[in-house]
Amino acid sequence: MSALEVTDLTVRFAGLTALDAVGFTVRPGSIHAVIGPNGAGKSTCFNVLSGVYRATSGSVRFGGADLTRMPPHRIAALGVARTFQNIALSRFQSVEDNVMLGRHRLTRAGFVGAGLRLPFARREDTRHRARVRDIARFVGVSEYLDAPVGMLSYGVQKRVELARALAMEPKLLLLDEPVAGMNGGERRAMAEVIVAARADLDISILLVEHDMGMVMRLADEVTVLDFGRRIAAGTPTEVQRDPEVIRAYLGVQAADAADAADSAGAAAGSESETA
Amino acid sequence: MTTFIELLVNGVSVGSVYALIALGFVIIFKATEVVNFAHASLLLVGGYVIAILHEDIGFWPAVLAGVAGAAAVGAAVEFLVLRRSRAGDHQVLAIVTIGVDIVLTTELTRRIGTDVLAMGDPWQNRIVNIGGIGIAQTRIAALVTAATLIACFLMAFRYTSWGISMRAAAEDRETAALMGIRLSRVSMGAWAVAGALAAVAALFLTVFPTPGLDRSTSFVALKAFPAAILGGLDSTSGALAGGLIIGLTESLATGYQNDLTFLGRGIGEVAPFLVMIVILLIRPAGLFGTRELARV
Amino acid sequence: MSSRVSAALRPRVLAAALGLVVMVVVPFYAEPFLLQAGLFAMAAAVGAIGLNLLTGSTGQLSMGHAFFLAVGAYGYVYFAAEPHDELAGLGLPTPVAVVLAVLLAGLAGGLFSPIAGRLRGTYLGIASLALIFIGQHVLHNAEAVTGGANGRDVPSLELLGFSFADAPELVVLQVPFRALEKLWFLSLIVLLAAAWVARGVLRGRPGRAMATIRDHEIAAGVMGVPVARYRAGVFVLSSMYAGLAGVLLAMAFRRTVPEYFGIILSLEYLAMIVIGGLGSVAGAMAGAAFVSLLPPLFTRYGDGLPLIAAPGTEGVSPAEASRILYGAAVVAVVLFFPGGLLGLWARIRALPGARRRPHPVPRMKAEEQT
Amino acid sequence: MATKAGATLAVSGLTVSYGKAVRALREVSLEVPEGTVTAVLGANGAGKTTLLRALSGTLSFHRGAIEAGTITLGGRTLSGLRPAGVVAAGVVQVPEGRRVFGRLTVEENLRAGALGARGRPGGDAARDRVMELFPVLGERARQRAGLLSGGEQQMLAMGRALMARPSVLLLDEPTLGLAPLMAERIGETVAEINRQGTAVLLIEQNAALALRLATTAHVLEVGEVTLSGPADELAASDEVRRRYLGVGDADAVEPEFRRPPTLERWAG
Amino acid sequence: AGCGSGKATGGSGGTGADGVKHGPGVTDKTIKLGLATDQTGAYAPLGKSITQAQQLHFEEVNQAGGVCGRTIEPVVRDHGYDPQKAVSIYSELGSDVLAIPHFLGSAMVTAVKQRIESDKVFVIPSAWSTSLLGSRYIQVAGNTYDVDVINGIEFLMAKKLVKKGDKLGHVYFEGDYGGSALRGAKFAADKHGLTIVEQKIKPTDNDMGSQVAALNSAKVSAILMSAGPKQSASLAGLARSRGMKQPILASNSGFAPQLLSTPAAPALLQGFFMVSSGAPIGADLPGVAKLAAAYGKKYPGQPLDNAVVHGYDAAGVVVAALKKACASKDLTREGLINAHRSTTTYDGGLGTPMDFSSSDKPPTRKTYILQPNKDATGGLVIVAPAAESELAKTYTPPVGSY
Ligand SMILES: Nc1ncnc2c1ncn2[C@@H]1O[C@H](COP(=O)(O)OP(=O)(O)OP(=O)(O)O)[C@@H](O)[C@H]1O
Ligand SMILES: Nc1ncnc2c1ncn2[C@@H]1O[C@H](COP(=O)(O)OP(=O)(O)OP(=O)(O)O)[C@@H](O)[C@H]1O
Ligand SMILES: [Mg+2]
Ligand SMILES: [Mg+2]
């Protein structure tokens, strides 16, 4: 198992510093959350990690490899999978095909193999489809396997995204707001899936989420960004009490609520509930 | 050296006509993201109306009638055909315009028959001498018209609600509808405008030094493709730049073709496309086009 | 196979079997005109399948398809013809020439792929238009290879001693088999093979990667698809299909002429795939049949069309009427059958009783929701 | 009952299907009385978005259609109107998933939002209000909207709708992807524009927030309204607490939310 | 399954009641002739005139009792200048008709050349390029473009408009029309020590501005124009309005009478010549005058251009061959072509007599020099009668190429 080390990561766009010398480490097998106000640079960070954006400076290392200048597909090949904040599925393909895409790097059939239906390609297809069905069941989308993604509701599409990322058999999973658009119960179910995925598959997870309850419940460690800078880091309980974090991100009410939920100790309160 | 300047001037003068045609493409593209293959036939409509009316009602009224007529046909195409298409896909709609073009062009060329129709324009074949270089008056008129129209549309797209409606509708029809934008009205408006522009372009395409409107006039519309794309398909000022670049390239490559024989004769036709490719390799969305966004 | 699946397959299999029987019987009855038109349609179908891989499935608009057809056609002639007079040729065995011509078309596609990899959508479409003009320029100027405006005779194929020329005439069931009939079966077999391969590609791993490149390029990359390499690969594959179509066309023409490989041809191929239904192999074939058969049929039987005036008067001549009807048919099909001709088929199948399975609506443009 | 309110948005017996295959809403009836906030809760795929699409007239973009039922605003029939007609009647929707015009600038997006309100007074005030609510939109006025972060886009979508000065505002998950502070801010905004007389139909997965803001709430399950009542009553019900607020006994969660099956490691 | 197929028996010939052998396209009552024309494409004006002239001709023949006791039945098909359609159409005509007296477009004819030879169909292309020479079955009915240009240059030299050592501009279409013409120009230039300044264009080029600029700076003393009417008009207009006085000599297709009603007219009336192997429709020949009258009556309002004469003449060539074949009681395809190729002096009364015995040479080498004239029927008058220059006599046209 390998750690993800982000050091001094800086990303600038014309006239805007989206990330400013940010650094953190995701320990192998842990769930690490990145939180922060809107526009703080969380997704930008994910985009650099997955090769969509190129860092202005700084470095990203995963295991022995330096990801900083790699194109997305090479990063994927190292076992880094992600979901997107805005759904990025193939709307006109079935759920099954969308999830099968996750198997791309694990399979080999090319134009010739698939076109001529060579025996190895057919065997490969059968094997991996079976696995995709398992993953779909795991995430809870198996009833939609045949449906084109565009026909599904928002929440279900989010789950399909997770299934697709899991289908890559990643070592590191980047989740960008995985429970957006889900209600309390559904969030909890998703949290279960994420926890189970880590346990069953032994992967590290980097999580961006605005639902503090989720973060409190899932994360081993939290990094807080604001205006592209790291303003806090530590365990969930630590950062949640950090006045800077409360000022910039949580607001007093939410902090109280999360606090309450946390101190209640139960696996409850994924919602910022007010009395 | 004079040859060079002469070719430059000639290139600019041809280019201004290309720019006018390209502007028509750009308007439709900006408003609907459809590549309009029927633009050539709208050109024929406009030109035809001007040509058959100018003797009876005079040149300027005929131009107005031509502009109105082509606008009406453009709007009718939108109303009768594109609006009914349930496929929202832009590429599919582009194919519909091919069908429309076949129908319209066949009917118009049938009407034009074997004639070469004069436009009855006031410029005739007068040449204006600028520093010893002759340039046709018609072409000066074309350049001025193109520049004016392009400036107007640039403003309109940027600053008017009409422009914003069009661009919003082009990008996301459903959400545009949610903003209260009347999609059908917007796209009909765009088609009407494109028709009107086609009529103006047709006028300058068929006056001196061309003898008049005939059935082959519409072929020239093809040359506006590289012009439109090179400037950036969604940029009005790009249409002007693109038109001029294509005109210049063509003129220079033709004028110097005897020095370029190693490329084969007739390179004048190919050169604009080569220039287009080179520019697109450097700027994949054309000189002034908006780059596709890439963020997730 | 479960009964559910076989029920879904039944109409399809039935239709396919029926179609095949018709295709086999046709040459025994049809006049040369129809055979000729059929040859063009089958060749076009191969080309359309190729374009569909590129445009329909990967979302890469190409208006340069005619160029690759030309590469295939002229490549075959050059490889197969014996040099004579001022015309060069390699005089290779014709089957070898076919293979080389297809590879050559693929190579041409590969050479264009730096551009195909950089540009998108309409920009790529119009950039590829340059290929047509360059192609025309080369066809007219490289006279030693292409024969210039005159074009060149196409050597007829000889496969294991069997000749696809008019002579020697073969008599099958008392019907004389000349070049048209022989080529008919050749084209049919090639088409079926081409369709089968394309289906395999689309339903397999490459197909999924292509669809995602079309629908969400960034996601495709992040999921491990080497996007640029894939786009180039599809471009090459599509060019090879075009090359194969070009070879078939050359054989159907028996003479290559540059006029044919112009922009109109490219647009016709685009029309084929849209009319048939984007992204599907059967759709491309249906569209190819529609686009290449309708005009000659209208021309041939045009006298009976409505709207027609007597010759010499100022009305619409049969030729004009057939052109107008063709244009209108293109519009009508696209308007009324949103999924293309294939969508129509799906709708028939979706009539009560048929198994409910939502039909994917193919799209070319990436949904820009990011 | 519908006589009292001047401009009640009333849905009755609404049945909606996509294509012929998917029936997304069945006989749904509910009301959004003038000047109130009504919340609709429901699981993923329950039909919430579909309801809003029916109201705003955009079903046809998804090959969907109203099969039965009516939608009226103050007695005037809305069903059958084109989206622009609905907007002209003062009903404005913030669509699911933000849907900002990515190629237009932030400024232009806001102007696009105001297009439906041409003729209605108060444009400048609305703009000032939006800028005050979401200062980031002012800072980024000339940036293309597609480059904004997810949350910023959500703010823009909300701001864009406010520019139309609606009399009925339909919100599809307005706090999606918003940081807690900003979500609170949206909540306050909804409350405030409601105070100024705008009726709000709120779909919100943050059920706590939704129930706090709403006077009435409805629960949609698989296309049918299964529960309706005053928001505070619903908030107190066990069922709602468990399913939509996610609080309660972990073992008592619905079967579909049970712990996922184990996933073996992939052997390669 | 194919036993009942009509194909099994089709295609062969027989002998009619009158003892005339016949093959495809001929029955006891009718002779089918194919007209593969362009009615919807780029060359529709040309196609229309020729088709109508031929229809007129066949009507006249039929009214006079037909040929060989049979009526002529023209089958008109439009290929819209699309090679694929031309091939399809040929597939129909090639098995159905006896001869094709009008096949428009050399590219179209070239596309089916191989089949024409294997089907032995007598074809008269409505095109005059040297690439159509060399086939026994294809008869170019008139002078080829190269010979016309040679004769034209000789005319310019004779008139002292061009002298030894001069430069000649040549604007020509890409393809075999322009290619043939250029070949003639080069041949003449070689013999006279002239230099050709080439400008190759495409049919879509409508603005000759850069060509004029280039030719002007090259200081040419005459301009040859082997393109379409529009290009001629543009070139003449630009040249004249900037004061260039050089003569312009256009090939056969480089002028249309319609141009004289456009603003280009004044320019075309100054120093503009056209070469043509056929007499203009306004020529002072009894046959031509009769044709002009009959055509004008049958197709009122339709332009009277030289294509009418070409078309009518080509129809005459086929009818003459039919008559001759009838006389030898052989209306098979082979019989028809034999009859045709044995004709050494054909004179349809429309200008120059022709010799069809060799398939490697154009049937005539005489060229008219014409000039636009507003008042003449068809807009052209003869300035020099049909003549073959000495130079043309020494010239061997390329066979099957250009
Ligand atoms: N390609 C780009 N060009 C210009 N600016 C960009 C680009 N991508 C992101 N930004 C800007 O960088 C900042 C950080 O964006 P990012 O998407 O990382 O935020 P975030 O933390 O994910 O916020 P949210 O919680 O709202 O999703 C934003 O202000 C955004 O507008
Ligand atoms: N375009 C469509 N075609 C077919 N079915 C659709 C379409 N859109 C939605 N549906 C179906 O309609 C049902 C209701 O979907 P809807 O999007 O309204 O749910 P929702 O309540 O908004 O869910 P979410 O909370 O996930 O957004 C779902 O079963 C969905 O699969
Ligand atoms: Mg984000
Ligand atoms: Mg929803």
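Proteins come first, then strands; the chains are lettered A, B, ... in the order of their sequence lines, and each starts at number 1.
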Chain D interface, residue from [options] that has the most non-hydrogen pairs under 4.5 Å:
| options | answer |
| --- | --- |
| L16(A), L152(A), V179(A), T44(A) | L16(A) |
| K158(A), E169(A), M190(A), E209(A) | E169(A) |
| Q157(A), K42(A), E177(A), R137(A) | E177(A) |
| G36(A), G181(A), P37(A), G155(A) | G181(A) |

Straight-line distance of [X] [atom1] to [Y] [atom2], nearest 0.5 Å:
| X | Y | atom1 | atom2 | result |
| --- | --- | --- | --- | --- |
| H210(A) | N206(D) | NE2 | CG | 12.5 Å |
| H128(A) | W266(D) | NE2 | CH2 | 4.0 Å |
| L181(D) | Y249(A) | CG | OH | 9.0 Å |

Salt-bridge test for R265(D) and D202(A): reply yes if a basic N is under 4.0 Å from a carboxylate O, no otherwise.
-> yes
Would you please test M151(A) and Y18(D) for side chain to side chain contact (heavy atoms under 4.5 Å, CB included) and show each step?
-> CA-CA 9 Å; M151(A) 291 182 146; Y18(D) 291 106; 5.8 Å; no
Please determine, among E96(D), Q154(D), Q143(D), the option with the most heavy-atom pairs under 4.5 Å with chain A.
-> E96(D)
Under 4.5 Å, counting heavy-atom pairs only, tell me which of G42(D), G150(D), G64(D) racks up the most with chain A.
-> G150(D)
With a 4.5 angstrom heavy-atom cut-off, which part of [X] approaches chain D: side chain, backbone, both or neither?
| X | value |
| --- | --- |
| I135(A) | both |
| A18(A) | neither |
| R103(A) | side chain |

Quick check: does any side chain N or O of N183(A) sit under 3.5 Å from a backbone N or O of Q205(D), one acting as donor and the other as acceptor?
-> no
Under 3.5 Å donor-acceptor, N38(A) side chain and A179(D) backbone = yes
With a 4.5 angstrom heavy-atom cut-off, which part of R140(D) approaches chain A: side chain, backbone, both or neither?
-> side chain
Measure distances from E173(D) to the heavy atoms of chain A and classify the residue's part below 4.5 Å as side chain, backbone, both or neither.
-> side chain
Which atom pair, heavy atoms only, marks the closest approach of [X] to [Y]?
| X | Y | answer |
| --- | --- | --- |
| Q85(A) | G151(D) | NE2-N, 4.0 Å |
| G39(A) | S149(D) | N-OG, 3.2 Å |
| N86(A) | Q153(D) | ND2-OE1, 4.0 Å |
| E264(D) | L201(A) | O-CD2, 3.7 Å |
| F138(A) | T262(D) | CD1-C, 4.4 Å |

Compare all side-chain heavy atoms of L250(A) with those of E184(D) and state whether any distance is below 4.5 angstrom.
-> no
Intermediate values then yes/no, side chain to side chain contact (heavy atoms under 4.5 Å, CB included), N44(D) and E186(A) | CA-CA 8 Å; N44(D) 290 148; E186(A) 290 160 342; 3.3 Å; yes
Could you tell me whether R129(A) atom CZ has more than 12 heavy atoms of other residues or ligands within 6.0 Å of it?
-> yes
From CA spacing to verdict: side chain to side chain contact (heavy atoms under 4.5 Å, CB included), L176(D), Y154(A) | CA-CA 11 Å; L176(D) 184 83; Y154(A) 190 92; 3.3 Å; yes
